[in-house]
Amino acid sequence: MTSTTVPHPDPATVIADIRRRAAAGTLPLTVQILQLLGASMEIEARLAAAEAIVPGITRLTDEKPATLAVYTVTRHGIPLGTYATREAARAKGEACLKRCPLPEGVTTTWAPDTDDEHAPEDLMTYGPGPDSESLTSIRITVQSVLVDYDPEAEG
């Protein structure tokens, strides 16, 4: 059964059907079909680029209000910036720490509060001695951003 025999086909299934039939040579390649295939490839490339910047953005559904996360870097509780990815927030925090020269042999790492993927994390320094561990004042917190209003989510 092809997507054209289903009453309300999923658009992704229709495009997959068209691609399969075009590759098999069972679909005449009209200008409209070629334009459709080209447009679908461009849209997929844009979605992949969006997903690379904001993971999860292309999987928003109408079934429940989706959330996104933003990452805020603070130093001594003062916000330094809010970023769409944890990696960007970490880069900002590390750049702030490197403004002050670190002693020879000191390494840094991010330490999350818990194993939860949305747990806040602190920038730590280690070394140069084996028991030398220090908490910096740089912290990343994660805030969920609702895409839609959900009256049940409001307390």
Side-chain angles (χ1 to χ4, degrees), residues 1-75 77-99 102 106-126 136-155:
M1 177 184 288
T2 66
S3 62
T4 56
T5 61
V6 177
H8 300 287
D10 173 38
T13 304
V14 173
I15 297 295
D17 254 1
I18 291 171
R19 285 185 179 150
R20 182 183 49 76
R21 292 173 58 198
T26 60
L27 181 69
L29 296 178
T30 64
V31 170
Q32 291 86 359
I33 293 295
L34 292 173
Q35 287 173 338
L36 176 69
L37 291 173
S40 70
M41 289 176 14
E42 183 179 339
I43 290 168
E44 287 172 352
R46 287 181 179 183
L47 289 172
E51 187 70 28
I53 294 169
V54 182
I57 191 75
T58 62
R59 293 184 298 275
L60 302 179
T61 66
D62 294 329
E63 294 174 17
K64 63 178 183 175
T67 59
L68 302 173
V70 293
Y71 304 86
T72 300
V73 183
T74 59
R75 185 167 198 173
I78 299 169
L80 302 175
T82 301
Y83 301 89
T85 65
R86 184 180 301 272
E87 291 76 23
R90 285 179 172 176
K92 171 65 176 182
E94 291 164 7
C96 288
L97 183 65
K98 290 180 181 174
R99 287 183 185 156
L102 295 175
V106 170
T107 60
T108 61
T109 190
W110 288 96
D113 286 359
T114 65
D115 289 335
D116 180 23
E117 69 177 318
H118 295 298
E121 53 186 21
D122 295 294
L123 185 56
M124 307 283 296
T125 59
Y126 293 94
T136 69
S137 59
I138 299 173
R139 184 170 178 82
I140 294 175
T141 55
V142 184
Q143 292 92 27
S144 294
V145 179
L146 289 175
V147 174
D148 293 322
Y149 170 69
D150 180 7
E152 294 177 12
E154 302 291 317

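The figures here come from the full heavy-atom set of this structure, side chains too, leaving out hydrogens, waters and symmetry mates.
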How many angstroms lie between [atom1] in [X] and [atom2] in [Y], if you round to the nearest 0.5 Å?
| X | Y | atom1 | atom2 | answer |
| --- | --- | --- | --- | --- |
| Ile138 | Glu94 | CD1 | CD | 9.0 Å |
| Gln32 | Leu34 | CD | CG | 9.0 Å |
| Ile140 | Thr82 | CD1 | OG1 | 11.0 Å |
| Glu121 | Thr109 | CD | OG1 | 8.5 Å |

With sequence neighbours excluded, residues passing salt bridge (Lys or Arg N to Asp or Glu O under 4.0 Å) with [X]:
| X | value |
| --- | --- |
| Glu42 | Arg46 |
| Arg139 | Asp113, Asp122 |
| Glu44 | Arg19 |

What is the minimum heavy-atom distance between [X] and [Y], and which atoms define it?
| X | Y | answer |
| --- | --- | --- |
| Gly93 | Val73 | CA-CG1, 4.0 Å |
| Ile33 | Pro28 | CG1-O, 3.9 Å |
| Leu29 | Ala22 | CD2-CB, 3.7 Å |
| Ser40 | Leu37 | OG-O, 2.9 Å |
| Ala89 | Tyr71 | CB-CB, 3.7 Å |
| Met124 | Ala111 | CG-CB, 3.6 Å |

Close side-chain approach of [X] to [Y], heavy-atom, < 4.5 Å:
| X | Y | answer |
| --- | --- | --- |
| Val142 | Glu117 | no |
| Thr108 | Thr136 | no |
| Cys96 | Leu80 | yes |
| Leu36 | Ile15 | yes |

Whether Thr72 side chain and Thr141 backbone form a donor-acceptor pair below 3.5 Å: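 The answer is no, because no donor-acceptor pair under 3.5 Å joins these two groups.
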